[in-house]
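In what follows, chains carry the letters A, B, and so on, assigned in the order in which the sequence lines appear, proteins first and then strands, with residues in each chain numbered from 1. Values reported hereafter were calculated over all heavy atoms of this structure, with side chains retained and with hydrogens, waters and symmetry mates removed.
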There are 2 protein chains.
Amino acid sequence: MEAVAARAGVSRATVSRVVNGGDGVREPLVERVRQAVEELGYVPNQAARSLVTRRHDAVAVVIAEPETKVFADPFFALQLRGISKELTAHDSQLVLLLTEGRADHARVGRYLAGGHVDGALVFSLHLDDPLPGLIHGVPTVYGGRPGWIDGSRGAVYVDCDNRGGAREAVRHLVGLGRRNIGHITGALDQTSAVDRLDGFRDVMVDADPRLIAEGDFTPGGGERAMRELLDRCPDLDAVFAANDLTAVGAMRVLRERGRRVPEDVAVVGFDDMLPFTEQADPPLTTVRQDIEEMGRLMARLLLRGLDRTASASGGLAGAPSSVVLPTTLVRRASA
Amino acid sequence: MEAVAARAGVSRATVSRVVNGGDGVREPLVERVRQAVEELGYVPNQAARSLVTRRHDAVAVVIAEPETKVFADPFFALQLRGISKELTAHDSQLVLLLTEGRADHARVGRYLAGGHVDGALVFSLHLDDPLPGLIHGVPTVYGGRPGWIDGSRGAVYVDCDNRGGAREAVRHLVGLGRRNIGHITGALDQTSAVDRLDGFRDVMVDADPRLIAEGDFTPGGGERAMRELLDRCPDLDAVFAANDLTAVGAMRVLRERGRRVPEDVAVVGFDDMLPFTEQADPPLTTVRQDIEEMGRLMARLLLRGLDRTASASGGLAGAPSSVVLPTTLVRRASA
DNA sequence: TTGAAAGCGCTAACAA
DNA sequence: TTGTTAGCGCTTTCAA
């Protein structure tokens, strides 16, 4: 920077002004400085800049899930796309942090607390996850309702109406005349899975507990759970799966066991993960949530909070609070 | 930090020493400082630290591909896992940067040049990619041979023997008695695709150009190319696909057109992407490369270079140079 | 509109 | 072994 200033025949302060937009600097000078920057290939040192501005123009996305799962699940891809678009529009860099296991959590916690980013978007939190405790003083928006919310903590999150959507799905099955309706849950250490199970129970008030099998949001988990369900209740005539991936696994097992979908067993999923659901055989009836929009919204909420912080002060205080998006049932052939 | 020093009754320098490992500080003092840190919830400011140490304990992984593609291709997941393991062992944070479109490239370039990370691992570069030019003064290891290598540039990369592997695959088909062997290429703006095509040509010296169809490493691209191939050369009896995903798409079309695999058309893939290849119908014969190992190696090369830089100086100079890993043909049922 | 100068929070010589 | 001190490279008052 010193060199640039010298070459342009100005002070370092002026170089700084030009580099940061050039407001309040006379045109000819701006030009001279720009040229010097160009010629010397000067790139401002972000560490120094952040040290004084306390801004980083970067936002971390933390996914508390091993890479294999992250990359196998199109859910994250969609969510990330929404986030990415929004951040890009705000000229902020998306920094993706993957965490596998506890040790990683500590490191990610340090990374966030160390002030590398302006804020964090955190996903796929599990019930006893230590991460929230480690995120200290970094404005954060959660993807999906965090498990430890007692109402008072006031964490900001974006979620869809998991319970309502599940209710709608199960009511649809009931409306179809189905009586032995099973449910394959998601990973029950995540609130989305718990909420969907609650929705199922809202409708099937005293469902036989044998009609509920635990899955983990993966096709493999769906297969295992479907087998359990069929073994325990051979007269099953419908299944509500906690997500589409699970439903796909379940349908595989149903076919394998000679049950027709939807004639013998009707199936409803959750998410409406295109093109999965449309290309499934038969095309999957499911509860749609707008995943990309959720991502966008998370980013917007965070950025708005940051702007507010900049002018006023105090974390995300006064920032817009959590958002719960509606779901809609999409009827296709499977139920 | 000032506060911690005061509370522990020591100087800031001592606090710094304790926070950074506590060497050369007497035990009782270490304890006092640790406690003060604890009580005050002190977290060192990384920007300040980096400003003086010029280290960040973070490495960027740049994937020059839109999220959709990144997340749809298990290749990246495997590679990332290898990288992640190696970086974690070195207590370095993995920072994933996705780039979609040119505008992002500039931003990523700025991010890297701005000194947020100690080094970069760059993947999936396309031939005319501007990224290498934007990466300025940041030690970098490439995943796959960069297209612009004229031999002299001396970029460090890790790759597998694409050309040799392709040769082996095609020779295998020839050995099976196949004569009309087609090839579905990958995205030809990536060297891996070009190298595999070259390997194909090495064996099929004067192959009819109509036996070569351009794909893009995706199942969809494989489908399109397979259709082309069948339309142009109905007497085709074998296909070498540029990767397993492409092969899966090709097999889908073959089945659709009533060709049996391998009886009518033998198929060989590339990568050996488990469990894809084993669960394909029929199980896919393919050229194996150890993707996770490549990731590990990339990280190791970079870190070794960084350590070297620390003691000696001058980029990755003198660092271990590029590595090309061998491939092996894995015979299954498809050829 | 420009420049001089005071830090941002930390580490690393150097002295004590 | 500990403390003192001088920056790291930048932004930002404040004065000119």
Is [X] close enough to [N] that one of its side-chain N or O atoms is under 4.0 Å from OP1 or OP2 there?
X      : N       : result
N45(A) : dC8(D)  : no
T53(A) : dT11(D) : no
R54(B) : dT11(C) : no
R26(A) : dT1(C)  : no
S16(A) : dC10(D) : no

Between atom [atom1] in [X] and atom [atom2] in [N], what is the gap in whole Å?
X      : N      : atom1 : atom2 : result
R49(A) : dG7(C) : CZ    : C1'   : 17 Å
E27(A) : dT2(C) : CD    : C1'   : 16 Å
R55(A) : dC8(C) : CZ    : C1'   : 16 Å
R12(B) : dA6(D) : CZ    : P     : 12 Å
D23(B) : dT2(D) : CG    : C1'   : 15 Å
L51(B) : dA6(D) : CG    : P     : 18 Å
M1(A)  : dA4(C) : CE    : C1'   : 14 Å
H56(B) : dG9(D) : NE2   : P     : 12 Å

Distance-only polar pair, side chains of T88(B) and R107(A), donor-acceptor under 3.5 Å: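 On atom types as modelled, these side chains qualify, holding a pair under 3.5 Å.
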Does a donor on one side chain and an acceptor on the other come within less than 3.5 Å for Q93(B) and H56(B)?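 The criterion, which ignores hydrogens and geometry beyond distance, is not satisfied for H56(B) and Q93(B).
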Non-hydrogen atoms of S50(B) and R55(B) that approach each other most closely: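 Looks like OG-O, 3.0 Å.
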Could you tell me whether R296(A) and E292(A) have a side-chain N and a carboxylate O separated by less than 4.0 Å?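 Counted as a salt bridge, because a side-chain N and a carboxylate O are separated by less than 4.0 Å.
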What residue among E39(A), E2(A), Q35(A) forms side-chain hydrogen bond (donor to acceptor under 3.5 Å, both in side chains) with R7(A)?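 One option only clears the test, and that one is E39(A).
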When the nearest nucleotide of DNA chain D is assigned to N20(A) and to A13(B) on a heavy-atom basis, which residue is associated with the more 5' position?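 With N20(A) and A13(B) compared, the 5'-side residue is A13(B).
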Quick check: does any side chain N or O of T14(B) sit under 3.5 Å from a backbone N or O of A5(B), one acting as donor and the other as acceptor?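 Not a single qualifying donor-acceptor pair exists.
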From the set dG3(D), dG7(D), dA4(C), return the single nucleotide nearest to any side-chain atom of S11(A).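 It is dA4(C).
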F76(A) vs F123(A) aromatic rings, parallel, tilted or perpendicular, using cut-offs 30° and 60°?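 F76(A) vs F123(A) ring planes: perpendicular.
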Closest-nucleotide mapping onto DNA chain C: is V25(A) or P44(B) further toward the 5' terminus? I mean the 5' end.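 Looking at DNA chain C, the more 5' nearest nucleotide goes with V25(A).
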When all nucleic acid strands are considered with a 4.0 Å heavy-atom cut-off, which category describes R17(B): base, sugar-phosphate, or nothing?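 Contact class for R17(B): base.
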Heavy atoms within less than 4.0 Å of DNA chain C: which residues of residues 28-35 of chain B have one? Give them sorted by number.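 Within residues 28-35 of chain B, no residue comes under 4.0 Å of DNA chain C.
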